[in-house]
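Chain A is the first sequence line, chain B the second, and so forth, proteins listed ahead of strands; every chain is numbered from 1. We use all heavy atoms of the structure for the numbers below, so side chains are in, but hydrogens, waters and symmetry mates are not.
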Number of protein chains: 2
Amino acid sequence: MFISKTSEYALRILTYMALNNETQFSAQSLYAELDIPKRYLMRLLTDLSKSGFIKATRGRNGGYVFARPLETIYFSEIIDSVEGLLPFEGCVLGNAVCPVDKPCAMHQIWEKPKQAFLETIKTTTLADLLL
Amino acid sequence: MFISKTSEYALRILTYMALNNETQFSAQSLYAELDIPKRYLMRLLTDLSKSGFIKATRGRNGGYVFARPLETIYFSEIIDSVEGLLPFEGCVLGNAVCPVDKPCAMHQIWEKPKQAFLETIKTTTLADLLL
DNA sequence: ATAATATAATACCCGTAAGTATTAATTTAT
DNA sequence: ATAAATTAATACTTACGGGTATTATATTAT
Ligand code: SF4
Ligand code: SF4
């Protein structure tokens with residue numbers, strides 16, 4: 001629930017591709033492996049392609065391959081491309097503008113889990129899955 | 001974005017009440033202080049009342065007061081009453097059933113932020129805001 | 001050339017969270 | 001008693017994330 005369902009899907013897809021280093025992955029084969037609604041999966045693949053994580057080739061024997069080295073693809077970038085990172089970096093209480101001059105009592109309490117989350121997604125790449 | 005907007009509202013309300021220990025809070029006064037849509041706020045107050053966090057008295061000079069000592073109200077219980085905790089405790093990748101026998105590469109990576117979050121909400125009470 | 005097989009684009013539908021509106025019930029000041 | 005002030009209940013509306021359907025485009029085997 002930390003991230004949106006679509007972000008989860010994106011991570012599932014790219015994780016699978018990273019771990020099963022085949023020459024190419026068709027939407028069909030990904031559908032067979034991952035538990036994601038087919039049409040939604042296909043649309044997501046197009047999005048991930050436009051975002052530059054993977055590269056598509058159409059037509060017979062078409063499919064997807066990574067467009068960049070795994071070491072350069074951070075989780076944060078994936079999540080950012082799907083749903084944006086702003087909500088994760090802002091106020092935990094959802095205050096548009098911090099209503100108090102000095103950080104409120106809540107701020108400190110949430111600092112740890114918030115930083116742990118940001119730290120994780122900003123320092124982990126798909127290559128780290130192979131370790 | 002970790003928690004739903006409604007959970008954020010609930011925390012905002014109860015945090016405000018805890019920090020400004022007045023004898024009683026009317027929906028009107030809470031509306032004036034917190035940036036929450038009025039009608040939605042009123043409905044939420046009724047919900048929080050039914051959940052047993054606060055106690056309502058109707059009629060003229062009515063309003064809300066805490067129904068229990070602050071030390072007994074954990075964040076986890078608040079969030080639980082609004083949106084449930086299951087999504088936070090399950091698979092980070094959103095897999096209904098863990099598809100692999102042994103924990104996948106993702107599992108370990110997310111363990112820290114996930115535990116930090118659960119740890120925080122399960123050990124913090126409204127009373128901790130007063131420290 | 002044609003048919004088969006793949007991704008791309010676009011528009012639509014659905015369920016749920018968020019927000020609004022209306023009316024009822026309760027208490028108290030006068 | 002009556003009116004004012006408050007919460008409660010219920011139903012409706014809106015926005016959006018998630019999901020579906022249809023058609024277009026590209027590639028290649030034959
Ligand atoms: S100090 Fe409080 S209101 Fe301001 S950003 Fe931190 S949690 Fe939000
Ligand atoms: S091992 Fe992987 S699939 Fe299983 S619960 Fe953990 S993250 Fe989810």
Side-chain angles (χ1 to χ4, degrees), chain A residues 1-13 17 22-32 34-67 79 81-84 86-87 93-94 96, chain B residues 1-13 17 22-32 34-67 79-84 86-87 93-96:
Chain A
M1 189 52 110
F2 293 94
I3 58 182
S4 74
K5 209 165 184 177
T6 307
S7 285
E8 289 175 357
Y9 289 164
L11 288 178
R12 286 238 278 285
I13 294 167
M17 288 180 64
E22 298 169 15
T23 52
Q24 199 180 218
F25 302 82
S26 68
Q28 192 57 239
S29 69
L30 290 172
Y31 171 66
L34 311 169
D35 186 34
I36 304 174
K38 187 163 181 182
R39 293 176 189 276
Y40 199 62
L41 165 66
M42 293 182 68
R43 222 181 48 180
L44 225 192
L45 285 167
T46 301
D47 290 346
L48 292 174
S49 182
K50 278 197 279 196
S51 298
F53 300 115
I54 54 182
K55 192 168 41 183
T57 56
R58 300 208 232 187
R60 227 180 224 237
N61 303 330
Y64 302 91
V65 294
F66 278 106
I79 295 172
S81 82
V82 173
E83 57 175 316
L86 275 69
L93 289 183
Chain B
M1 190 50 108
F2 293 92
I3 58 181
S4 74
K5 211 166 184 178
T6 306
S7 286
E8 289 174 356
Y9 288 164
L11 288 178
R12 285 239 279 285
I13 294 167
M17 287 178 65
E22 298 171 16
T23 53
Q24 197 180 221
F25 301 83
S26 68
Q28 191 57 241
S29 70
L30 290 171
Y31 171 67
L34 312 168
D35 187 36
I36 303 173
K38 187 164 179 181
R39 292 177 188 277
Y40 199 63
L41 165 66
M42 294 182 67
R43 223 182 47 182
L44 226 193
L45 285 168
T46 300
D47 289 346
L48 292 174
S49 181
K50 279 198 277 198
S51 296
F53 300 116
I54 54 182
K55 192 168 41 181
T57 57
R58 302 208 232 187
R60 224 180 228 232
N61 304 327
Y64 301 92
V65 294
F66 278 107
I79 295 171
D80 191 18
S81 82
V82 173
E83 59 176 312
L86 275 70
L93 289 184
N95 284 319

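- With distances taken from any side-chain atom of A/K5 to the nucleotides D/dA8, C/dT7, D/dG18, the minimum falls on D/dG18.
- Straight-line distance from the CZ atom of A/R39 to the P atom of C/dA9: 17 Å, rounded to whole Å.
- One finds a side-chain N or O of A/T46 lying less than 4.0 angstrom from the OP1 or OP2 phosphate oxygen of C/dA8.
- Surrounding OH of A/Y31 are at most 12 heavy atoms belonging to other residues, nucleotides or ligands under 6.0 Å away.
- When the P atom of D/dA9 is taken as reference, atom CG of B/L45 falls 13 Å away, rounded to whole Å.
- Atom pair A/K38:NZ and D/dT22:P shows a separation of 15 Å (rounding to whole Å applied).
- A donor-acceptor pair under 3.5 Å is formed between the side chain of B/S51 and the backbone N or O of B/D47.
- A/K55 has its NZ atom 18 Å from the C1' atom of C/dA8, to the nearest Å.
- For the pair B/E8 CD and C/dG19 P, the interatomic distance rounds to 10 Å; values are reported in whole Å.
- For the pair A/Q24 CD and C/dT7 P, the interatomic distance rounds to 8 Å; values are reported in whole Å.
- Of the listed nucleotides (C/dT7, D/dT7, C/dA4), D/dT7 has the atom at the smallest distance from the side chain of B/M42.
- The side chain of B/S26 contributes no N or O atom lying less than 4.0 Å from OP1 or OP2 of D/dT6.
- If you find the closest nucleotide of DNA chain D to B/N61 and to A/R43, the one lying nearer the 5' end belongs to B/N61.
- When all heavy atoms of A/Y64 and A/A27 are compared, the pair lying nearest together is CE1-N, 4.2 Å.
- Taking atom CD1 of B/I79 as the reference point, atom P of C/dA17 lies 16 Å away to the nearest angstrom.
- Here C/dG19 is the nucleotide among D/dG19, C/dG19, C/dT7 with the atom lying nearest to any side-chain atom of B/Y40.
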Self-check item: side-chain contact (heavy atoms from CB on, under 4.5 Å) between B/F25 and B/I13, worked out
Solution: CA-CA 10 Å; B/F25 301 83; B/I13 294 167; over 6 Å; no

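- For the pair B/Y9 and C/dG19, the criterion of a side-chain N or O lying under 4.0 Å from OP1 or OP2 is met.
- Distances from the side chain of A/R60 to the nucleotides D/dT7, D/dA29, C/dT28 place D/dA29 closest.
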